[in-house]
Every structure is written in C-alpha cells, then in structure tokens.
There are 2 protein chains.
Amino acid sequence: MATPQLTKNQTLVMDALSHSEGPMSAYTILDKLRDHGFRAPLQVYRALDKLLEYGLVHRLESLNAFVACSCPHDHEHDHGVTAFTICEGCGQVTEFHDEAIEQRLSTLTRAQNFKTEKTTIEIRGHCQSCV
Amino acid sequence: MATPQLTKNQTLVMDALSHSEGPMSAYTILDKLRDHGFRAPLQVYRALDKLLEYGLVHRLESLNAFVACSCPHDHEHDHGVTAFTICEGCGQVTEFHDEAIEQRLSTLTRAQNFKTEKTTIEIRGHCQSCV
DNA sequence: GCAATCATGTAATGTTATTACATCAATTGC
DNA sequence: GCAATTGATGTAATAACATTACATGATTGC
Ligand SMILES: [Zn+2]
Ligand SMILES: [Zn+2]
Ligand SMILES: [Zn+2]
Ligand SMILES: [Zn+2]
C-alpha cells in the first residue's frame with residue numbers, strides 16, 4: 001500500500017514515535033502531544049490506526065505500546081512477518097525479519113488450512129547491555 | 001518445575017479455563033466464579049499468575065486473555081516456545097510447538113547476544129471452518 | 001449548492017490490571 | 001506452647017488501556 005499524505009494528527013503521532021527512544025503507550029503519546037492540542041485518547045488511537053495500516057508503526061502486544069517501524073525501505077510493499085526483541089532492562093526494542101521463520105510458519109499454518117492475517121512475534125528478555 | 005498442589009482459588013480458575021471452549025479474559029473468569037465466592041479481580045489475577053508460572057495456563061497477549069495449556073504432558077518439564085493460531089471467526093485457539101522455529105529464533109537472538117526469557121508467537125487469521 | 005467522504009473534537013463509558021492494606025492459616029524455630 | 005515467618009485470601013480503590021456515541025468542520029465531486 002502506498003502511504004498517502006499524513007494528516008496533521010497522524011504526523012504529530014508519527015513524529016512523537018520517531019523521536020522516541022523506545023515504544024510508547026497511547027496515553028504517553030497523548031501526554032507528549034497536549035501542547036499540540038491533543039485532549040483525548042481517541043485522537044491518538046485514530047492516528048495510530050492509520051499509521052498501523054500504512055505499516056509506519058507497529059504495535060507491541062505484550063507491552064500495549066507502539067513503536068515506529070525501523071525498516072529503511074519506503075513501505076511501498078508489505079514487509080512480511082515482523083519480530084521484535086524487547087529488553088526488560090532498558091526497554092530497547094529491536095525489529096527484525098527472517099525469511100526462514102516466515103517460511104516455516106507458512107508451512108505450519110498451511111497444514112492446518114489456517115489463513116494468516118497477522119503474525120505477532122515478540123521476544124522478551126535482556127539485551128547485551130542488560131544481562 | 002514440578003507443579004505443587006493447587007490452592008482452592010487456583011483450582012477454581014484452572015477448572016474454569018479447562019472447561020471453556022476457548023480463551024477467557026480475567027474478568028470473564030471472575031464472572032464465572034462469582035457463585036463460588038469470587039468478588040474481586042485480584043482473586044483471578046493471583047491465581048492466574050501461579051498457573052502461568054506452573055505452565056498450566058498461557059496468556060494470549062494479542063487478546064488479553066488466558067487459555068489452558070493443551071499439552072498432554074505432565075508439565076514436569078519446560079515445553080519450550082509455544083505458538084498459537086487464533087481464529088477471528090470462531091475464536092478457536094490452537095497451540096503448537098515447533099523445534100525448527102525455536103532453533104531459528106535461538107540462532108537469531110544469540111547473534112544479538114540477547115537473553116530470551118519469554119517468547120510470544122500468535123497468529124491471527126481464520127481457521128479452516130471460517131474462511 | 002449539495003451530497004458524500006474523511007478528519008476532527010469531546011464526553012462518556014467500557015475493559016484490563018495493579019496498588020494498598022487487612023486478615024487468616026500453616027509452618028518454623030525456640 | 002508461642003512468636004515469627006511465610007503464603008493464601010479478602011476488599012477497596014485506583015491506574016492503565018481502549019472504545020462507543022455523537023457532534024462539528026473541511027474537502028471533493030457533481
Ligand atoms: Zn517494520
Ligand atoms: Zn537492555
Ligand atoms: Zn502449553
Ligand atoms: Zn474459525
């Protein structure tokens with residue numbers, strides 16, 4: 001999906017996430033954007049919905065939080081299965097993609113006749129610096 | 001970890017999940033157990049914490065819900081990485097384990113010097129019956 | 001102009017999870 | 001026996017996350 005021009009609110013949320021060190025909850029984003037006129041959770045959630053749809057942002061299910069996509073590409077194509085390592089120590093999140101895992105999951109779901117729509121892979125633990 | 005004798009509340013929560021068709025939220029469990037004297041969320045969450053620790057129950061991060069482990073074994077040993085398919089149509093959840101994926105993830109995290117503590121794999125989509 | 005669509009604003013509510021504090025029972029050490 | 005510890009429980013209050021409902025404003029196509 002080609003990414004359309006972002007609206008004002010979408011841009012504000014995207015910028016907040018892009019400039020953040022790590023993932024942010026919707027309410028943290030809301031607080032960051034109060035100075036820019038944000039007043040209600042829905043302003044954030046609506047923007048996030050679109051940014052997720054465009055593939056510019058990922059949701060971390062195990063954190064109830066959101067993170068800017070770290071892929072260098074232009075998001076003009078689907079980037080397949082996304083996986084994350086999440087450090088419990090410093091909060092660092094690393095996005096990665098692996099063709100072998102994607103293939104294997106595809107084989108397994110095909111065997112169940114299961115039609116995959118979204119795959120969540122999140123690995124919680126400690127990074128190199130936080131052992 | 002050997003599973004110790006379950007307490008009264010842990011047994012009630014475990015039974016509720018075991019007899020359920022699919023995953024249940026903590027508050028749904030609470031409602032089911034009101035007749036047995038449950039009054040507050042914490043009674044459920046405390047039992048769930050232990051059941052998760054013993055490996056008798058899994059948490060589905062993308063649903064904020066809990067499901068009884070479907071493994072036949074006696075839970076006397078760790079059962080490695082657990083993955084789920086979750087049907088958006090009928091709510092059916094299927095637990096599975098795959099050594100190849102576990103190996104591959106292990107290789108990838110080792111390359112980052114990341115120490116894994118918990119791995120979440122959840123595949124949302126539609127099952128055979130719900131295409 | 002007018003309908004249709006999309007973005008936005010705001011309030012209220014719903015859902016999920018935790019903190020804080022009190023009580024009770026079983027176990028341990030002496 | 002009995003104080004101290006530990007683990008389980010009960011209850012209330014609050015925090016954190018997310019959605020529903022309704023109203024308004026801007027843009028586009030005709
Ligand atoms: Zn990405
Ligand atoms: Zn770290
Ligand atoms: Zn299991
Ligand atoms: Zn189904």
Ignoring hydrogens and angles, state whether a donor on the side chain of [X] or [Y] is under 3.5 Å from an acceptor on the partner side chain.
| X | Y | value |
| --- | --- | --- |
| Ser70(B) | Glu95(B) | yes |
| His126(A) | Glu117(B) | yes |
| Gln112(A) | Thr85(B) | yes |

### Query
So does Arg46(B) reach the base of dG7(D) with its side chain, donor to acceptor, closer than 3.5 Å?
no

Can you tell me the distance, in whole Å, between the [atom1] atom of [X] and the [atom2] atom of [N]?
| X | N | atom1 | atom2 | result |
| --- | --- | --- | --- | --- |
| Leu60(A) | dA16(D) | CG | P | 19 Å |
| Gln5(B) | dG7(D) | CD | P | 17 Å |
| Tyr45(B) | dC17(D) | OH | P | 13 Å |
| Asn9(A) | dA26(D) | CG | C1' | 13 Å |

### Message
Looking at Arg34(A) and Asp31(A), is any side-chain nitrogen of the basic one under 4.0 Å from a carboxylate oxygen of the acidic one?
### Response
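Salt bridge flag = yes for Arg34(A) with Asp31(A).
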
### Under-4.0 Å salt bridge between Arg104(A) and Glu102(A)
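Result for this pair is no, no salt bridge flagged.
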
### Task
Assess whether salt bridge (Lys or Arg N to Asp or Glu O under 4.0 Å) is satisfied between Glu122(A) and Arg124(A), documenting all intermediate values.
CA-CA 6 Å; Glu122(A) 297 178 17; Arg124(A) 306 282 292 265; 5.6 Å; no

### Query
When you list every nucleotide of DNA chain C with an atom under 4.0 Å from a heavy atom of chain B, which one comes first 5' to 3', and which comes last?
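Under 4.0 Å from chain B, the extent on DNA chain C is dT16(C) to dA20(C).
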
### Query
His58(B) and Phe66(B): aromatic ring centres closer than 6.0 Å?
no

### Message
Checking side-chain contact (heavy atoms from CB on, under 4.5 Å) between Phe114(B) and each of Ile123(A), Thr94(A), Ile86(A), which is the one that passes?
### Response
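The passing option is Ile123(A).
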
### Task
Could you check which residues of residues 19-37 of chain A get a heavy atom under 4.0 Å from DNA chain D? Sort them by number, please.
Ser25(A), Tyr27(A)

### Position toward the 5' end of DNA chain C (nearest nucleotide), Thr7(A) or Asn64(B)
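By nearest-heavy-atom nucleotide position, the 5'-most residue is Thr7(A).
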
### Residue met sooner reading DNA chain D from 5', once Leu63(A) and Leu42(A) are mapped to nucleotides
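The residue closer to the strand's 5' end, by nearest nucleotide, is Leu63(A).
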
